[in-house]
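Below: the structure, in structure tokens.
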Amino acid sequence: MAEQGPAIVERVSQSEATEGELRALVATPYEQLLRVAGLVCREHADAEDAVAAALERAWRSRTALDDPAHAAAWLRRIVIREALRAEGRRRRLLGRWIAEPSAFALTDDPDQAREIALREALRALPPAQRAAIVLHLYAGYSVQETAELLGVPLETLRSRLRLARARLREALADRR
Amino acid sequence: MKRSRLPSDPHEPDEVLDRRLADFLRREAGRVVRGRRSDAEVVAAIRRRVAHRRRSAMLGALAVAAVLVVALVGSVYLAGAVKPGPALPVAPAPTASPAASYPRKLWPVPTATLAPSVAAATVDLAGTFPGGGLWAMRGSAFLVSADAGASWRQSTLPTLAPQSEQMVVVLDAEHAWYVVVGPGASPVTGAPTDILHYAVYRTSDGGRTWQQRAVPGNYPATAASLVFVDPKHGDLLCSAERFSSGTSTVLWTTDGGASWQVVGTAAWIGSMFAASDPSTLWAGAPPEAGPVAHPLLAASRDGGRTWQDVSLPGLSAGLGGAARWLAGPPVFRDASTGVVTVTTINSGFHPETWLYRTSDGGHAWSLVADRPMEAAAGPALLDATHWLLPLVNPLGVAASSDGGFTWHDLGTRGLGGVANPGWIAWIGGLDASHAAALVPTGHASPGPAALYLSADGGASWHAADVTGVAVNPIASPFGQCPHPAPLAFDPEARANAVAAARAAVPTLYKTIDTAGYEVQVAAPANSPPVARYGSIVRTLCGPLTQSGTYVVELRFPAMEPSASLSQGQLFVGRLGAGWQVWYQYH
């Protein structure tokens with residue numbers, strides 16, 4: 001991912017949020033952050049909310065960032081936390097009201113079928129496992145970095161990755 | 001790296017799987033940002049969060065201060081410095097003043113949404129009529145209550161149309177009109193290419209019998225709105241606000257709907273339609289009117305022949321700039337007294353709803369309400385002074401007991417638990433203490449909604465009891481209800497259903513660009529993934545038809561980002577020897 005951190009934080013750290021500054025804050029990192037949140041959250045609206053919450057939180061906590069060079073990772077960490085929080089909220093509050101989304105799609109194209117199966121399997125993963133897979137395989141963090149980002153011990157993270165891989169592999173195997 | 005021990009694919013190393021997964025995640029990430037919120041929307045969301053946090057911090061500080069005061073008083077008491085006096089009669093707890101409980105210009109993010117109670121009856125449409133009456137539509141059932149929902153009289157609608165293509169007006173327990181898009185009209189896509197004509201059904205015996213009349217002519221229209229002020233005089237507005245010409249047509253009837261004549265046309269009048277007397281009509285801009293140079297509110301004093309813009313004080317001075325619309329049609333208690341509800345977007349991208357009232361038949365309007373609110377719809381006038389307003393922020397019901405000048409929040413007591421999607425789509429007043437409300441059960445608008453009733457002026461609500469009302473199977477808009485073969489275990493059923501849907505796409509969606517369309521979902525109508533549409537099938541034609549129907553959901557990427565045009569839902573069943581689409585929901 002492109003490192004947009006210093007510029008973002010410089011804008012964020014303005015003391016008053018003018019309209020232009022807020023727009024600048026949103027404009028640069030939003031899509032990058034939304035991609036990560038969108039992979040962690042099952043619902044698109046949750047992902048959008050998570051990024052908005054993260055940007056607001058980043059704004060408030062801007063003094064906590066020591067080194068602007070780490071701004072991108074810092075923002076991503078906040079986004080991940082907000083996304084996991086949104087997922088937890090959805091499961092806690094809405095789980096019994098809303099059926100789990102499911103593709104049930106039909107296609108004659110085996111590649112497309114695998115894609116759908118993988119998407120379903122990814123959405124079916126527990127949020128913590130989903131976040132681990134996304135950070136490690138999509139965002140490119142090492143296992144150690146991913147564990148630190150998620151604030152879990154290394155072995156816990158390895159276990160989550162192992163379980164997530166197993167479930168995703170199973171989904172792929174079913175579509176062979 | 002350790003190899004997976006899963007039996008499903010023991011030969012694929014983790015590294016290979018990881019590469020495949022990484023490729024997949026990159027593709028998925030690309031999908032995520034399609035249809036993202038605009039920067040302005042994100043900025044508005046952040047601002048709401050900031051405001052919400054400030055408010056929470058303020059309340060937290062107040063709570064801490066209160067605890068400290070209580071602790072201080074308690075410690076003084078325990079130390080014996082204060083001896084308890086004689087017991088006093090307990091006074092009722094003081095209620096916070098509206099201004100104190102809801103600071104002006106503070107827009108908290110809704111932290112809760114409403115989920116209809118599982119016991120609440122779901123209806124498709126509902127409304128009130130003069131004299132304290134309440135009506136509802138549920139499938140093909142047309143329900144009328146003259147006792148604030150305590151009992152219902154059921155009759156059957158003469159036909160059934162998708163919700164976006166129908167409108168009901170009930171004048172009293174006997175007289176009602178039902179407008180649907182007429183047979184032979186182009187498919188209703190909501191696009192500015194629809195040329196529609198309408199059929200009006202009327203009943204004068206409470207729904208026992210209906211007479212159909214075709215409305216003459218074809219009109220570029222995206223919506224039809226009907227009003228009746230008495231059993232004889234009614235007006236139909238074929239609204240074309242989204243067309244490039246913006247020319248809408250007004251028709252009227254003086255014989256209760258037996259015949260219709262074009263009265264006039266008008267450019268850029270909205271579809272929020274109302275009548276305050278037989279010759280005075282009102283048309284306001286709905287939320288979806290778009291940022292065109294339309295008048296917010298127009299009035300006709302000659303039954304729709306000519307229209308004039310209505311001046312609402314304050315709006316021209318910058319209340320919301322160009323982004324403003326009516327939260328609901330104008331509401332009139334009589335020919336003189338009425339209310340319009342205007343929503344504007346302020347400079348901070350916050351929606352603000354303003355109420356205007358008139359007491360001289362709409363010649364002069366004055367701004368009322370002690371604060372702007374964010375309303376989901378127009379107000380319910382329980383009587384001349386007691387009004388209710390469904391709020392989005394904070395979610396709940398606001399009440400006024402002085403004709404709209406001051407408001408206080410009543411909350412959502414009895415309106416359901418905490419879940420999604422959760423908003424109050426409509427409140428109607430029945431009498432000084434009774435009201436009805438609709439809470440949608442899904443995201444569709446219009447769509448199924450739970451009907452709630454209040455007998456204490458909106459302070460508390462309970463689910464309306466219409467569960468005992470049977471829903472009669474009735475002919476679908478495409479003919480009689482089909483009786484497809486029940487879906488037994490058949491590995492080819494799904495493929496056949498999809499093939500039938502694909503075969504029908506060129507015909508059913510010929511007014512839109514279907515290039516690159518894809519089948520997103522194909523599932524039995526009684527299965528969870530399509531539960532929402534399954535319930536529509538059941539409502540339309542009963543459980544037997546549902547058990548033989550597949551729901552096929554389509555996506556038309558060429559029509560994105562339009563939410564309405566980029567999706568389609570078809571109901572497919574095995575009829576006789578072959579599979580056929582028997583209903584196009586969208």
Side-chain angles (χ1 to χ4, degrees), chain A residues 17 19 22-23 25-27 30-31 34-39 44 47-49 51-53 55-57 59-60 90 93-94 96-108 112 114-115 118-119 122 133-134 136-140 158 161-162 164-166 168-174 176, chain B residues 2 4-9 12 14 17-22 24-33 35-37 39-50 53 109 112-113 115 118 347-349 417-420 494-495 497-498 518-523 527-531 552-553:
Chain A
E19 192 61 36
L22 266 182
R23 280 180 176 275
L25 167 69
V26 167
Y30 190 76
E31 291 200 356
L34 183 60
R35 286 190 176 96
V36 175
L39 291 173
H44 181 78
E48 298 255 22
D49 286 346
V51 179
L55 289 173
E56 187 266 330
R57 190 174 288 271
W59 185 292
R60 252 183 319 111
R90 178 168 287 277
L93 298 181
L94 312 183
R96 67 197 177 97
W97 295 100
I98 296 187
E100 293 286 316
S102 176
F104 265 76
L106 274 184
T107 174
D108 298 329
Q112 204 180 354
R114 267 193 294 275
E115 195 91 348
L118 259 184
R119 190 175 302 143
L122 181 71
I133 280 285
V134 168
H136 182 47
L137 296 183
Y138 171 70
R158 284 199 175 117
L161 285 174
R162 197 161 48 239
R165 278 198 194 96
L168 296 172
R169 193 194 300 274
E170 204 168 354
L172 283 172
D174 286 347
R176 254 166 231 287
Chain B
K2 190 160 59 176
S4 166
R5 286 179 291 182
L6 270 181
S8 57
D9 184 12
E12 187 176 69
D14 281 354
L17 175 67
D18 283 359
R19 276 200 297 276
R20 294 172 65 186
L21 293 176
F24 163 74
L25 290 170
R26 274 193 288 277
R27 290 192 297 275
E28 284 296 286
R31 284 165 45 98
V32 166
V33 293
R36 55 156 286 199
R37 290 174 186 164
D39 286 356
E41 288 171 319
V42 179
V43 168
I46 295 174
R47 282 197 182 284
R48 280 199 300 271
R49 286 180 181 276
V50 170
R53 195 169 291 283
V109 174
T113 54
V118 290
S347 59
F349 294 98
V418 178
N420 205 37
R494 198 174 280 167
V498 171
E518 59 187 42
V519 174
Q520 285 203 305
V521 178
S527 65
V530 292
V552 178
E553 290 193 60

To the nearest 0.5 Å, atom CZ of B:Arg26 lies from atom CG of A:Leu137 at 9.5 Å
Determine whether B:Leu25 and A:Ile133 make a side-chain contact, defined as any pair of heavy atoms from C-beta on separated by less than 4.5 Å.
yes
Between atom CD of B:Glu28 and atom CG of A:Leu118, what is the distance when rounded to the nearest 0.5 Å?
8.5 Å
Go through the steps to decide whether A:Arg165 and B:Asp18 satisfy the test salt bridge (Lys or Arg N to Asp or Glu O under 4.0 Å), and finish with yes or no.
CA-CA 8 Å; A:Arg165 278 198 194 96; B:Asp18 283 359; 2.7 Å; yes
Under 4.5 Å from any heavy atom of chain A - which part of B:Arg27
side chain
Answer yes or no: is there an ion pair linking B:Asp14 with A:Arg169, defined by an N-O contact shorter than 4.0 Å?
yes
Is any side-chain heavy atom of B:Phe24 less than 4.5 Å from a side-chain heavy atom of A:Leu168?
no
